[in-house]
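Just below is one structure, and these are the notes that go with it.
Note: hydrogens, waters and symmetry copies are ignored here, and every other heavy atom, side chains too, is used. As the structure is a prediction and not an experimental result, all values here were calculated from the model. In what follows, chains carry the letters A, B, and so on, assigned in the order in which the sequence lines appear, proteins first and then strands, with residues in each chain numbered from 1.
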Amino acid sequence: MSRPLSLDPALIEAAQTATAWPFEEARKLVERLKRTGKKEALFETGYGPSGLPHIGTFGEVARTSMVRHAFRVLTGDSIPTRLVAFSDDMDGLRKVPDNIPNKELVASALGKPLTQVPDPFGTHESFAHHNNARLREFLDAFGFDYEFKSATECYRSGVFDKALLTVLERYEAVMAIMLPSLREERQQSYSPFLPIHPKTGIVMQVAIDECKREAGTIVWRDPDTGERFETPVTGGHAKLQWKPDWAMRWVALGVDYEMAGKDLIDSVKLSGEIAKALGGQPPEGFNYELFLDEKGQKISKSKGNGLTIDEWLTYGTPDSLALFMFNKPREAKKLYFDVIPRQVDDYLTFLEKYSAQDSKARLMNPVWHIHSGEPPVPELVSSGGANQPGTTISFSMLLNLVAVANSEDPAVLWGFIRRYAPGVSPETHPRLDSLVKRAVRYFEDFVKPQKTYRLPDEVEASSLKRLSDVLASFESGERPATAETIQEEIYNVGRAEPRYQDLKAKGATPDRPGVSIEWFNTIYQVLLGEPRGPRFGSFVALYGVKETRALIAKALAGDLVREHEAFLKSRAA
RNA sequence: GAGCGCGUAGCUCAGCCGGUAGAGCAUCUGACUUUUAAUCAGAGGGUCCUGGGUUCGAGUCCCAGCGCGCUCACCA
């Protein structure tokens, strides 16, 4: 059931002229309902359960939900709405997917409806049931409001019967629409009806010899045995080819809105004509652009390129993915790892701006659409205590932090964050905490491989050795190991080495030379594998004196270089 | 062949109903009680693909062209 809306009259007023694309779409729908006089708006999204739900499925449901919400606000929630997630699970299994166990089991059911194919994972009644369950799990996890419908159930229960008989009734009209779109050889065998073989259970792609309209049956022949069959088009004994199927479903269910990828433009057109031939009206909708992988290719389940939902959620938040789907649905967009940080940060920025915006601006703000009009309060941090105006810690800032902190431990990162903003913790800022964890993952997978450790030369090695010795004096606890005292010692060690002396530095005297930046660069490059780094005294204080000495020892022994090479090799494998 | 999209700063891209070109990154300069950055302030940087049209006025609207990319044409 859809949640009630809090409807501010000013908001409804602003919605009438809002230009965000979900409103443009919703307005088409308002016009349509005025025309048809229908008392309900039905939204549909389609899903083919021959594999797990992918990121495009998510996008379609997310975008359709945004249009639905815009529609509800536009109409003051005076017209009921429903969103149907339709699974085309009676489709025949064409080939065995690569990414599943028990392939032989599945191969034995080739050609049968997906709901008749055994579940290779052994957890559900069929392969389709398994994938359907995964789809629902995933839609539920995002909190989408939808009704699930299975093609198999619709066919068997008779929900489609009336529309199916209409297709039989207007068989010639449907063929007249379909045939010109097909090649000559396909025209010979084409039929909108696919009877289920009464003996083998296979979805048959055969020419129809005869339509018996009074009986509601079709007559066809098994191409292998030559046996003739007469099959009812109703009751799940036959299904339709997908374009007529789509059209029939629109008519049978009364679908008012469905969007589709631009690869389906021609199909939408044909199905729309069929829907009209069946006496219905094709739904409103638009063609969104496809997602491209890093090389600009269309992402597809079969190729396995591009990003999966899980991969996105490893590094980016669900909200950032929703933002990606909101942005420019009509433009081709690269969907790859490197777009994630920007989406996360854009989301945070939009969220931060939201509270200060008026109704009109809010309706243009993606977070309004992403969160159905009720975005959460942003998690701000302030360096000057709780009463100071806060800012949002951005993902890119966290990524920098992880890189220079050289730590994969979220607790160490929180140490750095607290130094900047006292009083902030994973408990007070749980969403920031989830960002920290994701930043760590991003660091491990994309930043760490970019690190380049190098070996110290003799002078560098002896300076680092001395630094380690000096740090030892902090370990006993006789001196407080604060960021400042440690920093002071780092300078002293550098000052003792002629290579690092800098007489031009501000405040430098011949007795007490300044310390060149070279000393710090040595530390970052040798110890952290980074060209630049944090204030090192602060780093040691947080990272630990003992740990830092161990780090130096490993660097001097050449272990850091070796370990990083091994790490890179294991990644490549 | 048909359809869709894109072309704006070095890079990635915003740019609403036509009204003095914007952001992030990068670069440079400066601040932060010694140079370090997870910070802040500032600066430089553009033939808005080309040509025409509409207009008092076009990155924006219209037409033509050039360039780049994708999709469809067997199946879903």
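Nucleotide B:C13: paired with B:G22 (Watson-Crick or G-U wobble, both distances less than 3.5 Å). When both pairing distances are held under 3.5 Å, B:C4 makes a Watson-Crick or G-U pair with B:G69.
The distance between the ring centers of A:His369 and A:Trp21 does not fall below 6.0 angstrom.
Rounded to whole Å, the P atom of B:U27 lies 15 Å from the corresponding atom of B:C11. Only the P atoms considered, B:C48 is 10 Å distant from B:A9, to the nearest whole Å. Across B:U12 and B:G69, the matching P atoms stand 15 Å from one another, rounded to whole Å. For the P atom pair drawn from B:G59 and B:U8, the interatomic distance equals 15 Å after rounding to whole Å.
Between A:Trp312 and A:Ile340, some side-chain heavy-atom pair lies under the 4.5 Å cut-off.
Atom-to-atom, NZ of A:Lys239 to C1' of B:C75 comes out at 12 Å; the value is rounded to the nearest Å. One can place CG of A:Asp89 at 15 Å from P of B:A76, the figure rounded to the nearest angstrom. The nearest whole Å value for the distance from the CZ atom in A:Arg183 to the C1' atom in B:C72 is 12 Å. In this structure, CD1 of A:Ile490 is placed 13 Å from C1' of B:U34, rounded to the nearest angstrom. Put simply, CE on A:Met178 is 12 Å from C1' on B:A73, counting in whole angstrom units. Between the CZ atom of A:Phe286 and the P atom of B:G3 there is a distance of 20 Å, rounded to whole Å.
Minimum heavy-atom separation, A:Ala275 to A:Val251: O-CG2, 3.9 Å.
Phosphate proximity of B:A14 to A:Lys328: present, with a side-chain N or O under 4.0 Å from OP1 or OP2. Distances shown here put a side-chain N or O of A:Arg94 below 4.0 Å from the OP1 or OP2 atom of B:A76. In this model, the phosphate group of B:A76 is approached by a side-chain N or O of A:Gln241 to a distance below 4.0 Å at OP1 or OP2. A sub-4.0 Å separation between OP1 or OP2 of B:U34 and a side-chain N or O of A:Arg495 is absent.
Below the 3.5 angstrom threshold, one finds no donor paired with an acceptor across the side chain of A:Lys262 and the base of B:C72.
Under the 3.5 Å distance criterion, the side-chain polar atoms of A:Arg134 are left unmatched by any main-chain donor or acceptor of A:Leu52.
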